[in-house]
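This report refers to the structure that appears directly beneath it.
Chain letters run A, B, ... following the sequence lines, proteins first and then strands; every chain starts at 1.
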Number of protein chains: 2
Amino acid sequence: MAKVSFREQVLQAREDAIVASVNRLLAEKGFDLMTVDEVVADVGIAKASLYKHFTSKEELAAAAMVRVLERALAELERLRTLPGLSALERLKAVARWTMQVQLAGEMPSLPAQNSSLRAALVAHKVYMDRLLTLSDELGEWIGEAQEKGQLSPSLPPELVLYTLFARACDPVLGLLKAGGQYSDEQIIEMLLGTCFDGLTAASLAAKH
Amino acid sequence: MAKVSFREQVLQAREDAIVASVNRLLAEKGFDLMTVDEVVADVGIAKASLYKHFTSKEELAAAAMVRVLERALAELERLRTLPGLSALERLKAVARWTMQVQLAGEMPSLPAQNSSLRAALVAHKVYMDRLLTLSDELGEWIGEAQEKGQLSPSLPPELVLYTLFARACDPVLGLLKAGGQYSDEQIIEMLLGTCFDGLTAASLAAKH
DNA sequence: GTCTATAAGAGGATAGAC
DNA sequence: GTCTATCCTCTTATAGAC
């Protein structure tokens, strides 16, 4: 049992290395421009070896998405344990976290239109489970924030949810960072301000 | 002269048909998934004929972008002539127009990451001219709205500009439309509300 | 399970006749 | 300028030895 366990640990470590590379390359180039050859070159293994772990490029992307979804779920769990945070503050904290991940180059970006990828994702049980779990948990917070009037109660909850997901890969972050005028913190606080308070209201974060 | 002019009109009409197809396919599938074979099948010409008009797939995309940028510039001109519109109202009207174009399936979507495409676009004189013209004109309105306090003066103008561009291809529109619960008008008014007034403020549009 | 070598196919671009 | 037929590169995926 110990021998097998050790063996599997080595394999697991290799899979983790693969998924970490995929995650980074997906964030850097996106699904269509990322090639399997780049992945294996980055990890330092042969392509046939990779295909023993993952049966297709789509499954690679799914694994990377599962990874980031589980990181998000862990962040939600962490926020839940923090005392004294309102539902709105927790939602803002989640949005801040996703923007931090994106600016760190760790947010895999998948095209919304690639049909082979979409088909593989909706058929991927673990991915769908994590996605739905995350949506449910965020939906709870959204409902709570709306009940208390912290979020506009007249907005459909799914609009708020979609908006949070969309801001996690908002190109505005990358454009502002490319401008080089502002620190990551400033960018994030400004975008949090526009997301929750809009372009018309004064962004509190711009005072930095 | 008349003969040549007529000839060129025919060629121009064919080019317009090509660009219209490209525009639609770019909106539908995006640059990477759109193939030149699909374009020529849609237009009904041979591939070699298309390459007499456009020297590469990238140039096709640039032509489609020029087309939509010129439509946008025309919309700005139209809005300028409307009496009694404040700068903020004009900016909202532009945002509404871009969302209408997107929901109509006429907004070409280019990946921000494709380097060969980006290189071709920044090297494309007409595209860059239209893009900079549009940015300048919108920048005027943004500055005006900020001076009058209609837009938060503490936000960097380029952040507002980038946000307007980003909302023109915001995936939230497509997700809400796929849900089938709301009309195009409702979706647009809700997203205009969240864009300008934020998620926390009550969206006036949700009253429908 | 890992490797080298290669199959299989898609898709961008072009040659050459008309 | 338009067509048919073809080239060529890139990329996914696999065969088969170890």
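For A/K92, the salt bridge (Lys or Arg N to Asp or Glu O under 4.0 Å) test picks out no residue, with sequence neighbours left out. Contacts of B/E75 classified as salt bridge (Lys or Arg N to Asp or Glu O under 4.0 Å), with partners at least two apart in sequence or in another chain: B/R78. Scanning for side-chain hydrogen bond (donor to acceptor under 3.5 Å, both in side chains) contacts around B/T55 gives B/E59, with sequence neighbours left out. Remark: B/R24 engages B/E28, B/D42 in a side-chain hydrogen bond (donor to acceptor under 3.5 Å, both in side chains) (not counting sequence neighbours). Residues meeting the salt bridge (Lys or Arg N to Asp or Glu O under 4.0 Å) test with B/R14, sequence neighbours left out: none. Residues that satisfy the side-chain hydrogen bond (donor to acceptor under 3.5 Å, both in side chains) test with B/S86, not counting sequence neighbours, are B/E89. The side-chain hydrogen bond (donor to acceptor under 3.5 Å, both in side chains) test applied to B/T98 returns no partner, not counting sequence neighbours. Residues passing the salt bridge (Lys or Arg N to Asp or Glu O under 4.0 Å) test with A/K47, sequence neighbours excluded: A/D37.
Separating the CD atom of A/E38 from the C1' atom of D/dA13 is a distance of 17 Å, rounded to the nearest angstrom. Regarding A/R7, its CZ atom lies at a distance of 10 Å from the P atom of C/dT2, rounded to whole Å. Residue A/F31 contributes atom CZ, which lies 13 Å from atom P of D/dT11 at whole-angstrom precision.
At a threshold of 4.0 angstrom between heavy atoms, the contacts of A/S49 include nucleobase atoms, whether or not backbone atoms are also involved.
Applying the side chain to side chain donor-acceptor pair (under 3.5 Å) test to pairs two or more places apart or on separate chains, those with a residue in residues 117-130 of chain B are B/E70-B/R130.
In this structure, B/R14 does not reach the D/dG1 phosphate: none of its side-chain N or O atoms is under 4.0 Å from OP1 or OP2.
At least one side-chain heavy atom of B/L79 sits less than 4.5 Å from a side-chain heavy atom of B/W141.
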For each nucleotide in nucleotides 13-18 of chain C, reading 5' to 3', give B when a protein heavy atom comes within less than 4.0 Å of its base, S when such contact involves only the sugar-phosphate, and - otherwise. BBB---
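DNA chain C lies under 4.0 Å from no heavy atom of any residue of residues 15-27 of chain B. In the region residues 113-126 of chain A, proximity to DNA chain D at under 4.0 angstrom, judged on heavy atoms, holds for none of the residues.
Between the side chain of B/E189 and the main chain of B/Q186, no donor-acceptor pair closer than 3.5 Å is present.
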